[in-house]
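Heads up, the thing below is written out as structure tokens.
All figures in this text were calculated on a predicted structure; none of them were measured in a lab. Numbered from 1 within each chain, the chains take letters A, B, ... in sequence-line order.
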There are 4 protein chains.
Amino acid sequence: MTEKQEKILKSALQLFAQEGYHATSTSKVAKHAGVSEGLIFRHFENKEGLLDAIIIEGEERSQALFSDIIFTSDAEELIQKTLDMMLSVSLNPDEFEFWKLQYKIKWETERYGEHKMEPLLLALTNAFSKLSYESPEMEAMNLLIIIDGLATRLALQKGFEAEPIITFLKRKYKG
Amino acid sequence: MTEKQEKILKSALQLFAQEGYHATSTSKVAKHAGVSEGLIFRHFENKEGLLDAIIIEGEERSQALFSDIIFTSDAEELIQKTLDMMLSVSLNPDEFEFWKLQYKIKWETERYGEHKMEPLLLALTNAFSKLSYESPEMEAMNLLIIIDGLATRLALQKGFEAEPIITFLKRKYKG
Amino acid sequence: MTEKQEKILKSALQLFAQEGYHATSTSKVAKHAGVSEGLIFRHFENKEGLLDAIIIEGEERSQALFSDIIFTSDAEELIQKTLDMMLSVSLNPDEFEFWKLQYKIKWETERYGEHKMEPLLLALTNAFSKLSYESPEMEAMNLLIIIDGLATRLALQKGFEAEPIITFLKRKYKG
Amino acid sequence: MTEKQEKILKSALQLFAQEGYHATSTSKVAKHAGVSEGLIFRHFENKEGLLDAIIIEGEERSQALFSDIIFTSDAEELIQKTLDMMLSVSLNPDEFEFWKLQYKIKWETERYGEHKMEPLLLALTNAFSKLSYESPEMEAMNLLIIIDGLATRLALQKGFEAEPIITFLKRKYKG
DNA sequence: TATGAATGAGGTTTCATTCAT
DNA sequence: AATGAATGAAACCTCATTCAT
């Protein structure tokens, strides 16, 4: 991956996250990256290829993020870490932008990356099971749904404060 | 509102919900509505004006939907009705399309209609308060976040089954 | 000529003079006249028909303006009156607008109304002849050219002061 | 400036001069220049940008034309050259088209390029002063107005013969 | 690898004009 | 006589993509 390739990818990530995929033209990306428009096509073939590259990078980043959580053996800690992840997203602008893009793309292209979440779902189910919750699968699913909801608020509701609600949730799941 | 005006609005609603705002051309809307493209601009001035009209109509429909819930005096019933609303959305294709559009637009245009939700937030807070939950505001907010999360899954995850998780939630909030 | 017909004509005159023929849409004219767009076509058939009506009206007004000058028997007075006409145009906003339109139309449609000017040319030639100028035809033509030049300045040069130069010319032609 | 850029500029100049700015579509310009329509916008951003480019080029050409006149030290010669310039315009189709466009644009966009003429006005004032005319400023202004009038006739009156009247004027100003 | 001129299809919008009422 | 909904063509402009250099 050359330096310019990375610049393009970074600019695209930023612009797609800000304005959306369809609303961002390749020429905007090129200008923002300080690169000729043709270069985008040399490196990524397509505008869609550029999107794919971003998604693939995202998949890797997601996995890295999740793997730390998934391999936590203590059930309670695993749940706490899941919620901490959202807190970290809400506080770190870089992570935030990255997450926002993931959701934006999902909504614009209507492809929900279920497989990305599945390991986390299983791990959470297992955790709730260990903690003898009555319906572990449902509890796990519920938590992931909460995460989707939180992401929605974080991305779209200006001035949304994530910290209080996450603290509330963390306490709730502490038992 | 003439007959053709309504056809345009309906087609736009459908297409925007399916493909997204930016990905839907005015000519597609016109063709789908069986109308000349110019007519869109005569009636709605802009593509954005068309979107505005849809949003305004949506606001009205949302209010109608919520008002039934909000004016429920029994606290437990109010919460159940809130969840039932989501069930109804998941089962009724018309309602589903309408909700999906609301979220799609939010994600594409980055305007979260907080004011639309505020009355429901207050009503839920009040309900949780009556039921002597410890943090009624947080409980209410959490439920709304769950709704956003459910909407995300419903719209984006192919084959997502809403009924089990909603049933689970309903039981959970029954005490 | 009905009341609405006159309103249309007046609005068109004003707008064509301000913005030009091509830059003025029939809908703008209709709005400005407080009339439905269809009515323009009922009364004038075409946008061009509207222009024609204005030109014809202009021809009549021009003739009225010129005839007073042309039938002046005293040679010197005739020349003075010709220059006075321009002074009057420069001072009277209504007349000014009317003249401006005539020139605008000429430039946009490339049809110079020579016939309109011809009687004045002859009268001036005759006058200069009586006053024993050496080349009466050339003198007359020159004066008409000055009038075209004055009209150009009046219409296009913001803040152009017509009075001093006209006074100068009047004195010059007094002998 | 690439070859195609120049072709566009040249075609636009020609067509704007012939038909007027508003009556000439960008697609007509593109076709005439043997170029894709998009290229116009790549190079000139706007239809107006194209016009601007033409005006700027015109400004430069005007200055070149005038500078030769302005720096003539002999007063009588300066005046003669001013009139000769008009003769040259009337005889040279290329120059003629260029001048016509300047005036067409002025009338369609209502921006009189006074600054372009000012140096000539000063030079002429100075010349008439040297020749001890009574009102040098007025004489100079008058001559410029005659030029505007001549331009009007040349452009708009089919079959107008410039030579006789210019010869007449040249003799007149010879003393 | 990198540029930037060039394209063609398609996007939004405007406009003159028609027509049912 | 008058309206205003409706149309279709054409206007200006954007965009993803290609290609010569």
Side-chain angles (χ1 to χ4, degrees), chain A residues 2-5 7-8 21-31 33-51, chain B residues 1-5 7-8 22-30 33-50, chain C residues 1-5 7-8 22-31 33-51, chain D residues 1-5 7-8 22-30 33-50:
Chain A
T2 73
E3 191 206 351
K4 296 215 170 183
Q5 237 174 116
K7 265 191 193 166
I8 292 170
Y21 173 69
H22 286 287
T24 304
S25 67
T26 49
S27 94
K28 240 193 255 173
V29 174
K31 238 168 263 165
V35 142
S36 77
E37 210 177 340
L39 198 59
I40 293 176
F41 293 88
R42 171 161 253 290
H43 284 312
F44 302 98
E45 176 134 41
N46 263 339
K47 196 189 175 185
E48 225 193 317
L50 182 56
L51 182 62
Chain B
M1 180 101 76
T2 72
E3 189 204 350
K4 299 219 171 184
Q5 225 172 133
K7 266 192 195 167
I8 292 170
H22 287 287
T24 304
S25 69
T26 50
S27 94
K28 237 192 263 177
V29 174
V35 142
S36 75
E37 207 177 344
L39 197 59
I40 293 176
F41 295 89
R42 179 173 232 292
H43 285 311
F44 302 98
E45 181 135 42
N46 265 343
K47 195 187 173 185
E48 221 191 321
L50 180 57
Chain C
M1 178 103 76
T2 73
E3 190 205 350
K4 297 216 171 186
Q5 234 173 120
K7 266 191 193 167
I8 292 170
H22 287 287
T24 303
S25 67
T26 50
S27 94
K28 240 193 255 174
V29 174
K31 237 167 263 166
V35 142
S36 77
E37 210 177 340
L39 198 59
I40 292 176
F41 294 87
R42 171 162 253 291
H43 284 314
F44 302 98
E45 177 135 40
N46 264 339
K47 196 188 173 185
E48 225 192 318
L50 181 57
L51 181 63
Chain D
M1 181 100 76
T2 71
E3 191 204 348
K4 299 220 169 182
Q5 227 174 129
K7 267 192 193 166
I8 292 170
H22 287 288
T24 304
S25 69
T26 50
S27 93
K28 235 192 263 174
V29 174
V35 142
S36 75
E37 204 177 347
L39 197 58
I40 293 176
F41 296 90
R42 178 172 233 292
H43 284 311
F44 303 99
E45 179 136 43
N46 265 342
K47 196 187 174 188
E48 221 191 320
L50 180 57

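For B:Ser27 and E:dT13, the shortest distance from a side-chain N or O to OP1 or OP2 is not below 4.0 Å.
When both pairing distances are held under 3.5 Å, F:dA9 makes a Watson-Crick or G-U pair with E:dT14. Of all nucleotides present, none satisfies the Watson-Crick or G-U wobble test against F:dA1 with each distance under 3.5 Å.
For A:Ser25, counting side-chain heavy atoms from C-beta on, the closest listed nucleotide (F:dC15, E:dG11, F:dA5) is F:dC15. Across F:dT17, F:dA5, E:dA2, the shortest atom-to-atom separation from the side chain of A:Arg42 is found for E:dA2. Relative to the side chain of C:Lys4, the nucleotides E:dT7, F:dT3, F:dC12 differ in distance, and F:dT3 lies closest. Set against E:dT7, F:dA11, F:dT7, the side chain of B:Leu39 has F:dT7 as its closest nucleotide. Here the side chain of B:Ser36 is nearest to one of F:dT7, E:dA2, F:dT17, namely F:dT7. Of the candidates F:dT3, E:dT13, F:dG8, E:dT13 carries the atom nearest the B:Thr26 side chain, counting heavy atoms from C-beta on. Side-chain proximity of A:His43 to F:dA5, F:dA11, E:dT1: nearest is E:dT1. Minimum atom distance to the side chain of D:Phe41 is reached by F:dT14, of the listed F:dT14, E:dG11, E:dA16.
Atom-to-atom, CD1 of C:Ile40 to P of E:dA16 comes out at 9 Å; the value is rounded to the nearest Å. Whole-Å rounding puts the C:Lys47 NZ to F:dA11 C1' distance at 13 Å. Note: CD (D:Glu45) to C1' (E:dA5) measures 17 Å, nearest angstrom. F:dC15 atom P lies 15 Å from atom CG of A:Leu50, rounded to whole Å. With rounding to whole Å, B:Glu48 atom CD is found 15 Å from E:dG11 atom C1'. In this entry the distance linking NZ of C:Lys31 with P of F:dT3 reads 14 Å, nearest Å. Atoms CZ (A:Phe44) and P (E:dT1) sit 11 Å apart, rounded to a whole Å. Spacing between atom CD1 of C:Ile8 and atom P of F:dA2 amounts to 8 Å, rounded to whole angstrom units.
Judged purely by atom type and a 3.5 angstrom limit, B:Glu37 uses its side chain to pair as donor or acceptor with the backbone of B:Ser27.
A:Glu37 comes within 4.0 angstrom of a nucleotide base, judged by non-hydrogen atoms across all strands.
Applying the 6.0 Å contact sphere to NZ of A:Lys28 captures more than 12 heavy atoms from other residues, nucleotides or ligands.
Judged by a 6.0 Å distance limit and a 45° cone about the ring axis, D:Lys47 is not positioned over the six-membered ring of D:Phe41.
Checking D:Gly34 against B:Asn46, the closest nucleotide of DNA chain E that is more toward the 5' end is the one next to D:Gly34. Nearest-nucleotide assignment on DNA chain E puts the 5′-proximal partner with A:Val35, out of C:Lys28 and A:Val35.
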